[in-house]
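These numbers come from a predicted model, not from an experiment.
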There are 2 protein chains.
Amino acid sequence: MDATDQRILEMLQQNSRMTSSEISKTIHLSVPAVAERIRKLESSGVIDRFTVKLNRHTLGQHCLAYIFVVIQGNEETHQFRTKIIESEYVLECHHTAGEYDYLLKVSLPDIQSLEQFITETLKNKHSVTRTNTVFILSTLKDE
Amino acid sequence: MDATDQRILEMLQQNSRMTSSEISKTIHLSVPAVAERIRKLESSGVIDRFTVKLNRHTLGQHCLAYIFVVIQGNEETHQFRTKIIESEYVLECHHTAGEYDYLLKVSLPDIQSLEQFITETLKNKHSVTRTNTVFILSTLKDE
DNA sequence: GATGAAACACTGTGATT
DNA sequence: AATCACAGTGTTTCATC
């Protein structure tokens, strides 16, 4: 990973569909050399995957929140993890140190569906004994 | 946004460098039709941008944490926002409702640099009166 | 949306440093 | 090992229907 790789990564972060020939024009490297570097960044694991960042608001998801969760029981935790990972509303799920066990980042259409998510998906079906929801008013930076 | 657009989005989320001709083979649509749909998904704002998901661990960033922040003063808040957005360690910054003012998602090489970040970038230079750091032990889901 | 032609980009090879 | 140039192949774009 040298400075050239860094520049390539920065360009791909801005637009992952940028072609090798476009990149080769700004970094003064031949097209095969650029393509080869991108392949190596991917196979070495520096690049996890090429993806697309969707706009939540355009998709009607106006409610963004973080939910801290306390969960009890081994079997219940396993069920919880499966359900959570499958849920389309859960963007992220982290196992945390400290007061709570898990931290979820959820994106939903509105507060009604958030309430429904907390009562039905979280509190009802699993041994979630406590939650703490932090609403996001606005986002200044997102990767 | 019909079902075909949905399928295209799903494919691009898996691999944003997938070519229109590859996509056209699985959804039975001509190449120009696929390219046109992708352009429209982008210009309509459904697609925010094509990007690349990097592997934090491969890049030596072994410490992931969320930091809640309380900040006082108008001028200080402005400075804080500028500094935070510029910081390479800050992946996300959200304005939150409730007990704290901001929530940062930070990725750093180790705990030492996290301590340095909190004391130098956060507490020293700005009127950050209180912070609360939540460590991430592991990540189950990330978009 | 589809088709076909022209423009463009990618891959593989061999040669170079 | 990394890079380049070239040729062959595949992909995109732009017109037209």
Side-chain angles (χ1 to χ4, degrees), chain A residues 1-62 88 91 107 109 142-143, chain B residues 1-62 88-89 91 107-110 113 142-143:
Chain A
M1 266 272 295
D2 61 3
T4 308
D5 282 339
Q6 293 272 7
R7 292 194 61 194
I8 293 175
L9 280 182
E10 279 167 27
M11 282 187 256
L12 289 174
Q13 274 183 63
Q14 291 304 313
N15 175 18
S16 59
R17 283 179 78 82
M18 188 178 279
T19 62
S20 297
S21 70
E22 278 179 289
I23 295 171
S24 85
K25 279 161 195 161
T26 65
I27 63 170
H28 300 293
L29 218 59
S30 70
V31 174
V34 171
E36 178 70 11
R37 275 169 182 265
I38 294 174
R39 261 191 297 274
K40 280 183 183 165
L41 285 167
E42 204 178 358
S43 64
S44 69
V46 173
I47 290 176
D48 206 61
R49 67 190 167 103
F50 297 97
T51 188
V52 66
K53 192 169 167 294
L54 302 182
N55 188 309
R56 293 184 308 103
H57 288 100
T58 311
L59 290 167
Q61 311 250 304
H62 299 287
E88 59 174 321
L91 302 180
S107 173
D142 196 359
E143 312 243 356
Chain B
M1 265 271 297
D2 60 3
T4 308
D5 282 339
Q6 293 272 7
R7 292 194 61 194
I8 293 174
L9 279 182
E10 280 167 27
M11 281 188 257
L12 288 174
Q13 275 184 62
Q14 291 304 313
N15 175 17
S16 59
R17 283 178 78 84
M18 188 177 281
T19 63
S20 296
S21 71
E22 277 179 289
I23 296 171
S24 85
K25 279 162 195 161
T26 65
I27 63 170
H28 300 292
L29 217 61
S30 70
V31 173
V34 171
E36 178 69 11
R37 275 169 181 265
I38 294 174
R39 262 190 299 273
K40 279 183 182 164
L41 284 167
E42 205 178 359
S43 64
S44 69
V46 173
I47 290 176
D48 204 62
R49 67 191 165 102
F50 298 96
T51 188
V52 67
K53 192 170 168 294
L54 301 181
N55 188 309
R56 293 184 309 102
H57 288 99
T58 312
L59 290 167
Q61 310 250 304
H62 298 287
E88 58 173 323
Y89 300 124
L91 302 181
S107 173
L108 297 116
D110 46 46
S113 37
D142 197 359
E143 314 242 356

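- One atom, CD1 of B:I38, and another, P of C:dG1, lie 13 Å apart when rounded to the nearest Å.
- Straight-line distance from the CG atom of B:D5 to the P atom of C:dG1: 8 Å, rounded to whole Å.
- With rounding to whole Å, A:N15 atom CG is found 13 Å from C:dA9 atom P.
- Each of B:R17 and B:D2 lies near DNA chain C, and the nucleotide nearest B:D2 is the one positioned closer to the 5' end.
- Rounded to whole angstrom, the span from the CD1 atom of A:I23 across to the C1' atom of D:dT3 amounts to 17 Å.
- Remark: A:K40 is not in phosphate contact with D:dA1, judged by side-chain N or O atoms under 4.0 Å from OP1 or OP2.
- Of the listed nucleotides (D:dT13, C:dG1, D:dC4), C:dG1 has the atom at the smallest distance from the side chain of B:S30.
- When each of D:dT11, C:dC10, D:dA5 is scored by its nearest atom to the side-chain atoms of A:T19, the top-ranked nucleotide is C:dC10.
- Of the residues near DNA chain D, B:R39 and A:H28, the one whose nearest nucleotide (by heavy atom distance) lies more toward the 5' end is A:H28.
- Looking at every heavy atom in both residues, B:S21 comes nearest to B:S24 through O-OG, 2.9 Å.
- In this structure, a donor-acceptor pair under 3.5 Å is present between the side chains of A:S16 and B:S16.
- If you measure from atom CD of A:E36 to atom P of D:dA2, you get 8 Å, rounded to the nearest angstrom.
- Picking from D:dC4, C:dT11, C:dA2 the nucleotide with the shortest atom distance to the side chain of B:A33 gives C:dA2.
- Using a 4.0 Å cut-off between charged nitrogen and carboxylate oxygen, B:E42 and B:R39 do not count as a salt-bridge pair.
- When distances run from any side-chain atom of A:K25 to the nucleotides D:dT3, C:dT11, C:dA9, the shortest one goes to C:dA9.
- Taking atom CD of B:E22 as the reference point, atom C1' of D:dT12 lies 13 Å away to the nearest angstrom.
- Heavy-atom minimum distance, A:R49 versus B:D142: NH2-O, 4.4 Å.
- The shortest distance between the side-chain N/O atoms of B:S21 and the OP1/OP2 oxygens of D:dG10 is not below 4.0 Å.
- Among D:dA5, C:dT3, D:dT11, the nucleotide with an atom closest to any side-chain atom of A:P32 is D:dA5.
- For B:R37, counting side-chain heavy atoms from C-beta on, the closest listed nucleotide (C:dG1, C:dA9, D:dC4) is C:dG1.
- One finds no salt bridge joining B:R7 and B:D2 here, because no Lys/Arg side-chain nitrogen approaches an Asp/Glu carboxylate oxygen to under 4.0 Å.
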